[in-house]
Each structure stands twice: as structure tokens, then as C-alpha cells.
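Throughout, a chain's letter reflects where its sequence line sits, starting with A, and its residues are numbered from 1. Side chains included, hydrogens not; waters and symmetry mates left out as well; all remaining heavy atoms used. Keep in mind that what you see is a predicted model, and the values were worked out from it rather than measured.
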Protein chains: 2
Amino acid sequence: MDAVDRQLIQALRENGRASYAELGRLVGLSGPSVTDRINRLESAGVITGYRATVDSASLGLGVTALIGISLSDATDHQDVADRMRSLTEIEDCWFIAGDDSYMLKVRANDVDGLESIIRRLSALQGISRTRTTIVLSTKWEDRVGALPGE
Amino acid sequence: MDAVDRQLIQALRENGRASYAELGRLVGLSGPSVTDRINRLESAGVITGYRATVDSASLGLGVTALIGISLSDATDHQDVADRMRSLTEIEDCWFIAGDDSYMLKVRANDVDGLESIIRRLSALQGISRTRTTIVLSTKWEDRVGALPGE
DNA sequence: AATGAAAACTAATCAGC
DNA sequence: GCTGATTAGTTTTCATT
């Protein structure tokens, strides 16, 4: 992965629909060269996909919350993660150091929907306690930062 | 926003580079109709952008952490958010209810980079305390869930 | 690895319904 | 708000270096 690859990645992080022709003009390569490089980055697992970003509120998802998860004694972490995966409202799932074992970011239509998520989480085998923090407002999310230097 | 719009949104959340022709075949409309609808969704702020998703580790970002932020007395929340915005390592910034005022998700090259972020945060005017939780492993992130029903 | 050219496909525009 | 036709631009393939 050289400087041109990093430039392509950065451009696609900012605009995932940029055409290969446009990217070629940006980095000073032909369209086919850009296609080659991007195919390689995708195959190597560097670029993992392309997503439209959507305003949650417009989709009716008015409530965002962070939920810390404590596990029961002698519970396998990975089994719990596998079970949590079935709750599609969980957008992010991090295994963390500290008081809790997992931190989740969830989105629900409203507080009733959030209550339903918490109930379903609490009912999962291996989860002993949940600690929910409501997000009052999102200042920003998924921001594209500068690429780390060499 | 009707059922077809929601179908288009869902398809673009799963593959942000889907062509309009392909989307048209999916929903049973012509290319130009799809273009119209998507332009409308973009103008209305429902679709906010398109991003390539990238494997952080491949970019050299080996450390993810969640940082809770407590504010000094009589500090304006928004001013602090504006100051934190200059730290490009902060990918997400949520204003939250509870013990802390903000929760941040940050990414750094390594623990030294994380230390540098925490130092810079602590030095910001209006921040009294930070509470850092290291992410040991990411089970999943930015998962595309089912669209909320009607 | 990259290029240039050809073929296939897609996007954008527009008149018409 | 959708369609179908036109034009311009893009992607893909491939022979060549």
C-alpha cells in the first residue's frame, strides 16, 4: 500500500460514489489503473464496503443509546456476542476493558423501542446487568479524519 | 417518503456504489426515476453522504477507545463540542445524559497516540475530567439493521 | 503495474404523458 | 412523477509496453 493507495482510500472515505475516472484524475492515473488498485484494496480487506449514510431521525429512529453489558460469572464472551448479534438494533458492539464487558450503541424509534431492546438484552443468557446511557444529541458521527501519517 | 424510497435507502446502505440502473431493476423503476428519487432524498437530508468503509487496522489505527468527558462548572456544552471538533481523532461525539456530559469514540495508532489524544482533550478549556475505556475487540461496527416498520 | 483503445454499460438531460 | 430516447461519460476488457 503506497501513497496513491492511501489517497484513493481517503477520497473514497469522503465520497464513496466517486467514479474511477474522477479518482484517476485526482491521483494522476488512468481509469483502469485506479480500478486495479481499488480491486486489490477490496480483495485485501482494506476497503470493506460502501455505505450510504442516512439521517436516523428521517428513518424514524429518534433514540440513540449506549448500553454497557455485564456478564454472568463463567460466561463465554463470544457466545454472548453471538447471541446479541440477533438484536438488529445494535449498530456497534465493542468488547471493552473495565467495569462492563461490552458497550453497545443501539438505535430505536422511541423510548418504548429502547425499553424493548433492554428487555430483550436482559433476557439473553449470560447477561447479568445492563447500564443504559441515553444520547441527548449527536454532535457528529463517523467523521472521516486525516489519515495517519507514515 | 414511500416504500420504494425506503427500499432504495436500504439498498444504498448495504451497497453505496449500486448503480441507478441496478437500483431501478431492484425496485421496478426506470433509471431516471431512481435518479429523481435519490436526488430528492439527498436534498431532503435523508441520505447524507456515501462512505467507503475501511479496516482501521490496515490504516495503522490499532487502538479504539471510548472517552467520557466531564465538564467544568458553568461551561457551555456547545463551546466544548466546538473545541473538541479540532481533534480529528474523534470519530463520534455524543452529548449524553448521566455522569459524564460527552462520550467520544476515538481511534489512534497505538497507546502512545491515545495518550496524546487524552492529553489534548484534558488541556481543552471547559473539560474537567476524562474517563477512558479501551476497546479490546470490535465485534461489529456500523451494522445496517432492518429498516423500522411503518 | 500502467497505458490506450474498443466495446458495453451507465448517467444525465429532456420532451412527452 | 414516470417513461423512453438521446447524448455524454464511465467501466471493463484486452493487447501492449
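- As a whole-Å value, the separation of Asn15(A) CG from dT10(D) P is 13 Å.
- Side-chain N/O atoms of Thr48(B) and Asp55(A) include no donor and acceptor closer than 3.5 Å.
- Rounded to whole Å, atom C1' of dA1(C) lies 10 Å from atom CG of Leu29(A).
- The separation between Met1(A) atom CE and dA1(C) atom C1' is 17 Å, rounded to whole Å.
- When Arg119(B), Arg120(B), Arg107(B), Lys105(B) are each tested for a salt bridge (charged side-chain N to carboxylate O under 4.0 Å, His left out) with Glu89(B), only one passes: Arg120(B).
- Each end of the helix from dA1(C)-dT17(D) to dC17(C)-dG1(D) gets its own axis, taken as the rotation carrying the C1' atoms of four end pairs onto the next four within a five-pair window, and the two axes meet at 30° to the nearest 10 degrees.
- Side-chain proximity of Ser30(A) to dC2(D), dT3(C), dT10(C): nearest is dT3(C).
- Using a 4.5 Å cut-off on side-chain heavy atoms (C-beta onward), Leu23(B) and Leu12(B) make contact.
- Atom pair Ile38(B):CD1 and dG1(D):P shows a separation of 14 Å (rounding to whole Å applied).
- Taking only side-chain atoms of Thr35(B), from C-beta outward, the nucleotide of dA12(C), dT11(D), dC2(D) with the closest atom is dA12(C).
- Among all heavy-atom pairs drawn from Leu114(B) and Ala108(B), the shortest one is N-CB, 3.5 Å.
- With rounding to whole Å, Asp5(B) atom CG is found 8 Å from dC2(D) atom P.
- Between dT11(D), dC2(D), dA11(C), one nucleotide has an atom nearer to the side chain of Ser19(B) than all others, and that is dA11(C).
- In the set dA1(C), dT12(D), dT10(D), the nucleotide with an atom closest to the side chain of Arg40(A) is dA1(C).
- With hydrogens and angles left out, the side-chain atoms of Trp94(B) and Glu141(A) include a donor and acceptor closer than 3.5 Å.
- For Asp36(B), the listed nucleotide lying nearest its side chain is dC2(D); candidates were dT10(D), dT10(C), dC2(D).
- Checking the phosphate oxygens (OP1, OP2) of dT10(D), a side-chain nitrogen or oxygen of Arg25(A) falls inside 4.0 Å.
- Listed candidates were dT3(D), dA11(C), dA2(C). Nearest to the side chain of Tyr20(B) is dA11(C).
- For Asp2(A) and dA1(C), the CG to P distance is 9 Å, given to the nearest whole Å.
- Of the candidate nucleotides dT11(D), dA2(C), dT3(D), dT3(D) has the atom nearest to the side chain of Pro32(B).
- When the C1' atom of dT11(D) is taken as reference, atom CG of Asn39(A) falls 11 Å away, rounded to whole Å.
- Comparing Gly28(A) and Arg17(A) by the nucleotide of DNA chain C whose heavy atom lies nearest to each, the residue mapping closer to the 5' end is Gly28(A).
- Heavy atoms only, all atoms of each residue included: Ile90(B) and Met84(B) are closest at CD1-O, 3.5 Å.
- Salt bridge status for Arg83(B) with Asp76(B): absent, with no side-chain N to carboxylate O gap under 4.0 Å.
- The distance from atom CG of Leu23(B) to atom C1' of dT10(C) is 12 Å, rounded to the nearest whole Å.
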